[in-house]
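Since the structure comes first, as structure tokens, the remarks are kept for the end.
Quick caveat, the model's predicted, so the values are computed rather than measured. In what follows, every chain begins at residue 1, and chains take the letters A, B, ... in the order their sequences are listed.
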Protein chains: 2
Amino acid sequence: MSEYEHTCMIRGDGGRTIRAILDQICNKWTLLIVATLDQGTLRFTDLHQQIPGISQRMLTLTLRNLERDGLVSRTVYAEVPPRVEYALTTTGKSLIAPALALAGWAIEHVPHIEASRATYQARTVTRG
Amino acid sequence: MSEYEHTCMIRGDGGRTIRAILDQICNKWTLLIVATLDQGTLRFTDLHQQIPGISQRMLTLTLRNLERDGLVSRTVYAEVPPRVEYALTTTGKSLIAPALALAGWAIEHVPHIEASRATYQARTVTRG
DNA sequence: CAGGATCCCGACTGATACTG
DNA sequence: CAGTATCAGTCGGGATCCTG
């Protein structure tokens with residue numbers, strides 16, 4: 001598929017579903033949780049500690065969504081105290097690469113973007 | 001840079017900036033506008049028409065952010081009636097590829113995700 | 001330990017009306 | 001044409017308390 005065909009799939013009407021899913025994948029916590037689970041199986045508390053700034057609520061909600069979408073597996077051990085382990089599924093792991101592509105882009109362009117923000121003031125070009 | 005080092009950069013404390021920028025890139029409209037501008041220079045109304053569902057306000061706000069971040073250029077022609085043209089900058093164009101990587105992933109996995117959602121009901125595994 | 005339930009505020013977003 | 005201004009509604013998301 002050509003690059004242009006791809007952009008069409010993002011834009012076109014048939015892309016509603018794609019966009020909806022892209023929205024979910026791209027939200028504040030999803031990429032972060034997936035990236036964290038890249039190291040392997042983790043418990044709820046592990047995730048909570050390793051992801052700075054996430055609230056219990058958001059961690060729970062995002063994990064539920066990821067589980068529902070089949071990107072993360074959830075294993076409950078019937079013990080006292082309870083133990084729940086989260087891990088990436090095969091599909092979840094396949095998200096790592098494209099996610100890193102985007103993260104890599106961000107990392108690479110942070111300096112340019114920050115410089116641009118710092119000097120922003122009616123940079124708009126006027127012609128005619 | 002290894003893949004693992006990349007995930008660290010998404011996760012680590014030094015990644016706050018990255019995450020903030022990733023958040024902005026990944027919002028509902030940004031990728032869509034960038035993808036639309038991939039075809040070339042477009043006017044405000046063109047964008048408004050080609051992006052189904054976007055409000056005038058959100059189009060304006062998102063374009064301003066993209067301009068501030070140096071991903072989109074804005075050229076005003078001092079004519080009557082006014083004409084304003086938007087185009088991707090070099091940095092903006094460089095976002096296309098990673099964005100497509102993610103979009104490609106989404107497109108490829110939509111069937112699996114939708115199937116997973118459809119059958120979701122306490123799929124959680126219990127052991128012990 | 002792993003969350004569920006609640007309260008609540010600010011940000012995101014759409015709709016509408018107005019302007020240079 | 002290309003916005004700005006304003007109002008209002010929804011919702012993401014944090015804080016807190018409670019439970020199996």
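- For Pro81(A), counting side-chain heavy atoms from C-beta on, the closest listed nucleotide (dG14(C), dC1(C), dG3(C)) is dC1(C).
- If you take CG of Leu42(A) and C1' of dC1(C), they are 15 Å apart, rounded to a whole angstrom.
- Comparing dG3(D), dA2(C), dC1(D) against the side chain of Phe44(A) picks out dA2(C) as the nearest.
- Atom CZ in Arg83(A) sits about 13 Å away from atom P in dG3(C), given to the nearest Å.
- The interatomic distance linking Leu61(A) (CG) with dT6(C) (P) rounds to 14 Å, in whole Å.
- Contact annotation for Arg57(B): base contact, defined as any heavy-atom pair under 4.0 Å involving a base atom.
- Put simply, CG on Asn27(A) is 11 Å from C1' on dG13(D), counting in whole angstrom units.
- A close approach under 4.0 Å does occur between a side-chain nitrogen or oxygen of Arg64(A) and OP1 or OP2 of dG4(C).
- Within the 4.5 Å cutoff, side-chain heavy atoms of Trp29(A) are placed close to those of Ile51(A).
- The nearest whole Å value for the distance from the CG atom in Leu59(A) to the P atom in dG3(C) is 8 Å.
- A cation-pi contact, defined as under 6.0 Å to the ring centre and within 45° of the axis, links Arg83(B) to Tyr77(B).
- Checked by atom type and distance alone, the side chain of His109(A) pairs as donor or acceptor with a backbone atom of Trp105(A) at under 3.5 Å.
- Rounded to whole angstrom, the span from the CD1 atom of Ile33(B) across to the P atom of dT13(C) amounts to 11 Å.
- Atom NE2 in His48(A) sits roughly 11 Å away from atom P in dA2(C) (whole-Å rounding).
- With rounding to whole Å, Glu79(A) atom CD is found 10 Å from dA2(C) atom P.
- A sub-4.0 Å separation between OP1 or OP2 of dC1(C) and a side-chain N or O of Tyr86(A) is absent.
- Checking Pro82(A) against Leu63(B), the closest nucleotide of DNA chain D that is more toward the 5' end is the one next to Leu63(B).
- Closest to the side chain of Gln56(A), out of dG4(C), dA2(C), dT13(C), is dG4(C).
- In this structure, the nucleotide among dA15(C), dG3(D), dA2(D) sitting nearest to the side chain of Arg74(B) is dG3(D).
- Relative to the side chain of Thr60(B), the nucleotides dG3(D), dG14(C), dA2(C) differ in distance, and dG3(D) lies closest.
- Closest contact between the side chain of Ser55(A) and the listed nucleotides dA2(D), dG14(D), dA2(C) involves dG14(D).
- Closest of all the heavy-atom pairs between Pro82(B) and Arg43(B) is O-NH2, 3.4 Å.
- A donor-acceptor contact closer than 3.5 angstrom is absent between the side chains of Asn65(B) and Thr62(B).
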